[in-house]
> 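One structure follows; several queries about it will come next.
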Amino acid sequence: MSEADRLLSEIAAIATRPMAEATAMPPRIYTDPDIHALELERIFCKSWICLGRADQMAKPGSYLTFKIADQPVMAIRQKDGAVRAFANVCLHRMMVLLDGSGSCKRIVCPYHAWTYDIDGSLIGAPQMDRTAGFNPRDRALLELPCEVWQGWVYVSLDPDIAPVAEQLAALSPVVDRYRMADYVTVVTQDHVWDTNWKLLTENFMESYHLPVAHRETVGAWFPVDDTGFPDDWHPHFTYETFKKNDDATYGLAHPDNTVLEGEWRRTSVMPTVFPTHMFVLGPDHLWYLTLMPEGTGKVHVRFGAALAPEVLVGLDDPETFLRDTIGFFDKVNDEDRFIVEGIYKGARAPLSVGGPLSWMEREIHDFIRYLAGRLT
Ligand code: FES
Ligand SMILES: [Fe+2]
């Protein structure tokens with residue numbers, strides 16, 4: 001039995017345990033290169049991957065890029081308002097076309113200037129008139145499945161994947177009340193952290209660490225016993241709900257929010273859309289991560305925050321407010337980075353073992369069930 005097979009049968013066994021007997025995964029699951037290769041093939045190439053928010057690409061020609069497994073991809077707003085996605089690689093000699101995010105009238109390859117319309121069709125290629133049978137009109141970038149759900153832009157490499165709305169149908173009733181599609185993006189950042197993607201996913205999923213690792217930021221705002229979980233297990237997502245105390249700086253409904261009632265005015269939902277899209281959806285803000293592994297020990301982290309529209313109306317000093325808000329989430333991210341890089345060092349240590357989980361880590365057990373189902 002190979003090391004990867006042994007690890008997979010170990011996580012399959014952990015996945016079947018009841019929550020009261022759940023444990024963390026074995027450390028080698030985070031460091032084994034064969035597990036990583038399987039994850040790319042069976043998870044990342046077969047899932048919806050979030051690139052960011054649709055309001056970041058409002059006008060025709062505005063785009064977001066990302067990598068799914070080893071494939072660079074772009075999502076780009078069309079003239080008719082639709083969002084379409086394409087393989088982000090030139091049809092000539094494979095240069096990556098677009099970088100980061102931005103806006104363009106057409107897509108011009110930085111290598112020899114082959115030029116594509118924003119609908120992916122090749123419209124120009126210099127000095128190709130002596131090439132036998134070459135007609136740019138015969139060529140177009142490979143189109144990929146792309147959907148916008150609740151303001152999120154998702155792309156997949158799997159042509160047969162089921163629609164996002166179908167996969168997340170049972171999540172909609174939980175999050176619909178917030179109207180998150182209307183939230184306004186105020187920041188996005190890209191980073192590379194020295195950790196395994198699963199350690200960062202698991203870290204984001206549980207609020208057990210908040211009173212400790214985030215004691216200087218969000219940690220003091222939680223009545224811990226009010227943490228809730230879905231009744232059922234879902235194959236494409238999990239979530240928890242938590243409440244904020246009345247003195248929390250973020251996480252309470254703005255007085256002008258007229259849609260949320262009662263306890264929902266101080267309740268946040270924290271879904272993980274498997275494998276790597278995680279967000280905290282509060283009455284006033286949205287804070288998200290989307291990830292892509294770069295080998296076992298590095299992960300591309302795309303972080304963003306958005307605010308409910310009423311929060312941004314009538315501010316005395318919007319600049320200071322936004323600077324403080326972004327600075328606050330930067331600090332929370334730094335606190336998480338310290339943790340997830342630390343646990344990766346721990347996972348690489350030869351004497352490490354995964355210990356038992358708390359009831360507050362229910363989402364980690366859901367994630368282990370998900371991994372076991374996809375990888376084994
Ligand atoms: S690789 Fe794009 S034009 Fe040559
Ligand atoms: Fe955290």
Side-chain angles (χ1 to χ4, degrees), residues 65 72 74 86-99 104 106-117 120-131 134-136 138-142 189 191 193 195-222 224 227 239-240 242 244 248-251 268-272 276-282 285-291 299 301-305 328-344 358 360-364 367:
T65 65
M74 66 170 94
F86 303 97
N88 185 17
V89 176
C90 185
L91 300 174
H92 176 223
R93 277 179 38 227
M94 298 165 285
M95 180 62 189
V96 174
L97 292 165
L98 295 174
D99 184 36
C104 62
R106 48 190 80 78
I107 302 158
V108 182
C109 179
Y111 199 1
H112 314 94
W114 282 29
T115 299
Y116 304 84
D117 190 280
S121 51
L122 183 63
I123 51 176
Q127 311 301 339
M128 291 294 290
D129 50 321
R130 298 182 207 173
T131 302
F134 179 84
N135 182 356
D138 297 342
R139 289 156 205 268
L141 297 175
L142 178 70
Q189 297 170 8
H191 302 276
W193 288 0
T195 191
N196 181 265
W197 71 275
K198 298 185 292 301
L199 292 169
L200 181 43
T201 300
E202 291 174 314
N203 172 68
F204 197 95
M205 299 173 105
E206 50 93 347
S207 48
Y208 189 31
H209 74 285
L210 299 183
V212 187
H214 296 298
R215 61 188 166 276
E216 286 173 20
T217 52
V218 293
W221 301 342
F222 293 86
V224 163
T227 309
Y239 67 88
E240 68 174 61
F242 52 80
K244 293 277 174 72
T249 313
Y250 301 101
S268 296
V269 185
M270 188 167 74
T272 295
T276 46
H277 179 211
M278 294 151 270
F279 52 96
V280 173
L281 173 58
H285 76 281
L286 183 56
W287 178 47
Y288 72 89
L289 295 184
T290 182
L291 314 176
V299 60
V301 183
R302 177 164 294 171
F303 141 77
F328 179 83
F329 286 111
D330 279 346
K331 190 147 191 271
V332 180
N333 275 335
D334 286 344
E335 291 166 342
D336 279 322
R337 180 176 189 164
F338 167 73
I339 296 296
V340 298
E341 296 193 336
I343 47 181
Y344 185 63
S358 155
M360 292 191 75
E361 296 170 292
R362 151 70 194 273
E363 288 191 79
I364 293 184
F367 181 55

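Atoms considered below: every heavy atom in the structure, side chains included; atoms not considered: hydrogens, waters and symmetry mates. Counting starts at 1 for both ligands and their atoms, following the listed order.
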> Nearest to atom 4 (Fe) of ligand 1, which N, O or S atom of H92 do we find?
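Nearest N/O/S atom of H92: ND1.
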> Strictly under 2.8 Å, is atom 4 (Fe) of ligand 1 approached by any N, O or S atom of H112?
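Checking H112: at least one N, O or S atom is under 2.8 Å.
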> Salt-bridged, R362 to E240, with N to O below 4.0 Å?
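Salt bridge: no.
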> With the Fe ion (ligand 2) as the reference point, give the N/O/S atom of D336 that is nearest.
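The D336 atom nearest to the Fe ion (ligand 2), restricting to N, O or S, is OD1.
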> Take the angle between the ring planes of Y288 and H277 and call it parallel below 30°, perpendicular above 60°, tilted in between.
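Taking H277 first and then Y288, their aromatic rings stand perpendicular (interplane angle over 60°).
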> Can you pull out the closest protein heavy atom to atom 1 (S) of ligand 1? Residue, atom name and distance to 0.1 Å, please.
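Ranking protein heavy atoms by distance from atom 1 (S) of ligand 1, first comes R93 N, 3.2 Å.
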> Please work out whether the ring planes of Y111 and H92 are parallel, tilted or perpendicular, with thresholds of 30° and 60°.
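Tilted.
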> Would one find more than 12 heavy atoms of other residues, nucleotides or ligands at under 6.0 Å from atom CZ of F329?
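Correct, the count exceeds 12.
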> Counting from 1, what ligand 1 atoms have a heavy atom of W114 closer than 4.0 Å?
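Here the atoms of ligand 1 in question are 3 (S).
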> Given Y116 and L91, is the side-chain contact (heavy atoms from CB on, under 4.5 Å) satisfied, shown in steps?
CA-CA 10 Å; Y116 304 84; L91 300 174; 3.6 Å; yes
> Strictly under 6.0 Å, is that where the ring centroids of W287 and F204 end up?
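Ring centroids of W287 and F204 are less than 6.0 Å from each other.
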> Under 4.0 Å from any heavy atom of C109, which atoms of ligand 1 are there?
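So the atoms of ligand 1 that pass are 1 (S), 2 (Fe), 3 (S).
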> Considering only heavy atoms of M95, which atoms of ligand 1 have at least one such atom less than 4.0 Å away?
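Matching atoms, with element in brackets: 1 (S).
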